[in-house]
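Report on the following structure.
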Amino acid sequence: MKKIAIVYSFNSTKSAKVASKIAAIFKNYKVEELNVESCKGEEFLLYDSYILSVPTWFDGELPNYWDELLPALGKLTLKGKKIAIFGLGDQKNYPENFCDAVGILADFFEELGATIIGFTSPEGYTFESSKALKNNILKGLLLDQENQSKLSDERILNWARQLEIELS
Ligand SMILES: Cc1cc2nc3c(=O)[nH]c(=O)nc-3n(C[C@H](O)[C@H](O)[C@H](O)COP(=O)(O)O)c2cc1C
């Protein structure tokens with residue numbers, strides 16, 4: 001059975017719940033959960049596919065645990081790796097930086113040669129700007145548990161189905 005690593009902070013509140021939901025959906029893959037807070041750079045060489053979880057904090061920034069890990073990844077070549085990113089954010093209170101961290105990670109991993117998958121439509125969200133939005137496409141799955149939690153389960157399910165196709 002093919003393996004995917006889902007990388008998230010085991011100490012995060014809402015993101016950890018969403019990550020477990022996503023991990024449980026995949027039927028044809030073995031999903032292994034990695035804690036980003038104790039991740040070593042080389043762990044990004046062990047799997048072919050990754051799902052990364054990144055909430056946005058500090059007005060458009062990565063949370064500390066991602067910020068601290070990125071320098072350890074800086075020299076890796078991730079050509080051939082497929083990476084999907086989901087991020088929690090709050091479009092009402094942070095409309096100018098909604099889920100920026102998804103865009104920051106997407107740019108970072110693209111720079112290392114990885115292929116970003118799991119793009120989604122911005123329809124259904126209301127925000128002014130986001131680093132996750134490029135050419136009217138979101139570079140991952142954006143979830144707003146503060147204002148649109150009722151939409152999340154369907155968004156997660158659709159995204160997981162999309163990833164199964166993009167990974168095959
Ligand atoms: C101090 C603070 C800053 C935040 N900054 C942003 C932001 O810039 N953009 C955004 O979309 N959400 C922002 N948020 C919302 C969080 O991303 C959101 O609450 C998310 O669900 C947190 O997920 P976590 O509990 O897994 O860390 C911020 C929240 C707080 C408390």
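For ligands, and for the atoms within them, numbers begin at 1 and follow the listed sequence.
Around the NZ atom of Lys134, the shell of radius 6.0 Å holds more than 12 heavy atoms that belong to other residues, nucleotides or ligands.
Here Asp107 does not pair with Lys131 in a salt bridge; the nearest charged N to carboxylate O distance is not below 4.0 Å. Salt bridge absent: Glu164 and Lys27 never bring a charged side-chain N and a carboxylate O closer than 4.0 Å.
Ligand 1 lies under 4.0 Å from heavy atoms of Ser12, Thr13, Lys14, Ser15, Pro55, Thr56, Trp57, Phe58, Asp59, Gly60, Leu88, Gly89, Asp90, Tyr94, Asn97, Phe98, Cys99, Glu146.
Aromatic ring centres of Phe127 and Tyr94 lie farther apart than the 6.0 Å criterion allows.
Across every non-hydrogen atom of Tyr29 and Ser168, the tightest pair is OH-N, 3.7 Å.
Residues satisfying the side-chain contact (heavy atoms from CB on, under 4.5 Å) test with Glu37, not counting sequence neighbours, are Ser9, Asn11, Asn35, Tyr65.
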